Amino acid sequence: MSEPSAVVTTRGAERISGGHLWIYRSDVRSFQAEPGDLVRVSDERGRLVGRAFWSDRSQIALRFLTRRDEAVDREFFAQRIRAAAAFRQRVVEDTDSYRLVYGEADLLPSLIVDRYGDLLVIQTLSQGTEKRKGEIVEILKEQFSPRGILERNDPKARLLEGMQQTVSVLHGEVPEEAFANMNGVRFRLDLRKGQKTGVFLDQRENYRAAAQYLRGEVLDCFSYHGGFALHAARQAQSVEAVDSSGEALALARANVDLNGTTNITFREANVFDVLKEYDQGGRRFDAVILDPPAFAKSRTALDAALRGYKEINLRALRLLRPGGVLVTCSCSYHVSEALFGEMLWEASVDVGQPLRVLERRGASRDHPMLLTVPETLYLKCMIMMRMGA
Ligand code: SAH
């Protein structure tokens, strides 16, 4: 049987030589492959472009694993996963939970593996990784001997691949209740239903960085399970955590009990309303944290998203006492670092007080970015101090 294959346009081939890992369907000239096959990709003159996963559904038709003429077999995947784990050994500290494999950034497109102690949670987000799921589980068992492996294959992206959304145990046992320890703070996890694969591992280093500056009275907006609030509570006098989801706050309360924290209060409300109320009522804080969900889910939603970000940032700045600290995040990929910075610039001009930039941050280092795949850069986190009297 001959190797499955695809021929791509010059533009497609140039995208790969330019460092991206994807070729869109519009740049595929012809193919001979089944869904999820590993294909040998060549340009129209027959030159090898590399080997990639083929998808017969997604607009992303090809996801590249290599540009070299090498076998992409079990050992290839085992090697990539070993390299991903070795990198985490160098950058991960003070946690038992982190991202072990981050898809494209580990040159393993559409594969996510998160580690929570002795449990692994995986996502196979394209036909290619889905087809090799059994093999990937075997490799993970060999290299990490986990107690259990769960597939959290419920992201909507799976539908674009013509695949079902599913959550199931692939190996061993995965308890209903699991725990994570990040920076000495304990979190209860619902691995089957929690956001992403359980918690926001990408904010782990930002929790720690922000905590250094959080004192006095702190307002944690969009608190979810209390990631920032619990870190702040260790130095702050008091923390108010706001989220519109009662379910999220129940999880946050459980974490408060788990850590024996006594200085966090909760409020189930819309952050936009709370900020307005406090602003108009003259309530002031020593620090405000803003970690909203992605306001811009698509490029067309960008303007409305920027207005939303500006509104909450402007109000948060008004709530700060002189010397107060704003920790502000955006996880919208479509809002670039530059746009986010401009929005903050405008908010600071409107509030009429200079802002000192304390730290410009992104996702934790276990969520590295691949320079030539801008889609891997999504999280921005700025820590700033309100100057002036
Ligand atoms: N800071 C959290 C993650 C926030 S996720 C952490 O580090 O764990 C975003 C949260 O915002 C979700 O819990 C969601 O329920 C909440 N949310 C979304 N829109 C909101 C709104 N308008 N007001 C209050 N909370 C909101």
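Counting starts at 1 for both ligands and their atoms, in listed order. If you're wondering where the values come from, they're calculated on a predicted model, not measured in any experiment.
Without hydrogens or angle criteria, N255 side chain to H225 main chain gives a donor-acceptor distance under 3.5 Å.
Not a single heavy atom of V242 lies less than 4.0 angstrom from ligand 1. Heavy-atom separations between A269 and ligand 1 include at least one value shorter than 4.0 Å.
The residue from D366, D202, V92, V121 that alone fulfils the side chain to side chain contact (heavy atoms under 4.5 Å, CB included) condition with R99 is D366.
Within the listing of ligand 1, atoms 21 (C), 22 (N), 23 (N) sit less than 4.0 angstrom from a heavy atom of N270. Close contacts between ligand 1 and S245 involve ligand atoms 15 (O) [criterion: under 4.0 Å to a heavy atom]. Close contacts of ligand 1 with F200, meaning ligand atoms under 4.0 Å from a residue heavy atom, involve 3 (C), 5 (S), 6 (C), 8 (O). Here is the list of ligand 1 atoms found below 4.0 Å of a heavy atom in Y207: 6 (C), 7 (O), 8 (O). For ligand 1, the atoms sitting less than 4.0 Å from at least one non-hydrogen atom of Y224 are 2 (C), 3 (C), 4 (C), 8 (O), 13 (O), numbered in the order shown with element in parentheses. Counting atoms of ligand 1 from 1 in the listed order, those under 4.0 Å from a heavy atom of H225 are 8 (O).
Comparing V327, I289, D291 by heavy-atom distance to atom 3 (C) of ligand 1, the nearest is D291. Nearest to atom 23 (N) of ligand 1 by heavy atom, out of L290, D273, V271, is V271.
For atom 13 (O) of ligand 1, the closest heavy atom belonging to the protein is D243 OD2, 2.7 Å. Scanning the protein heavy atoms around atom 18 (C) of ligand 1, the nearest turns out to be P293 CG, 3.5 Å.
For Y224 and F200, the ring centers are positioned less than 6.0 Å apart. Between W22 and F64, the ring center distance fails the sub-6.0 Å criterion.
Taking the charged nitrogens against the carboxylate oxygens, R158 and E130 do have a contact shorter than 4.0 Å, which makes a salt bridge.
Checking only distances, Q203 never comes within under 3.5 Å of ligand 1, N or O to N or O. Residue-to-ligand polar distances place F222 within reach of ligand 1: an N/O pair is separated by less than 3.5 Å.
A donor and an acceptor atom, one from each side chain of T328 and Y309, are nowhere located under 3.5 Å apart. For the residue pair S298/T300, the side-chain donor-acceptor check at 3.5 Å is satisfied.
The aromatic rings of H367 and Y102 are tilted relative to each other, their planes meeting at an angle between 30° and 60°.
Within the cation-pi definition used here (under 6.0 Å to the ring centroid, within 45° of the axis), R283 qualifies as a partner of F285.
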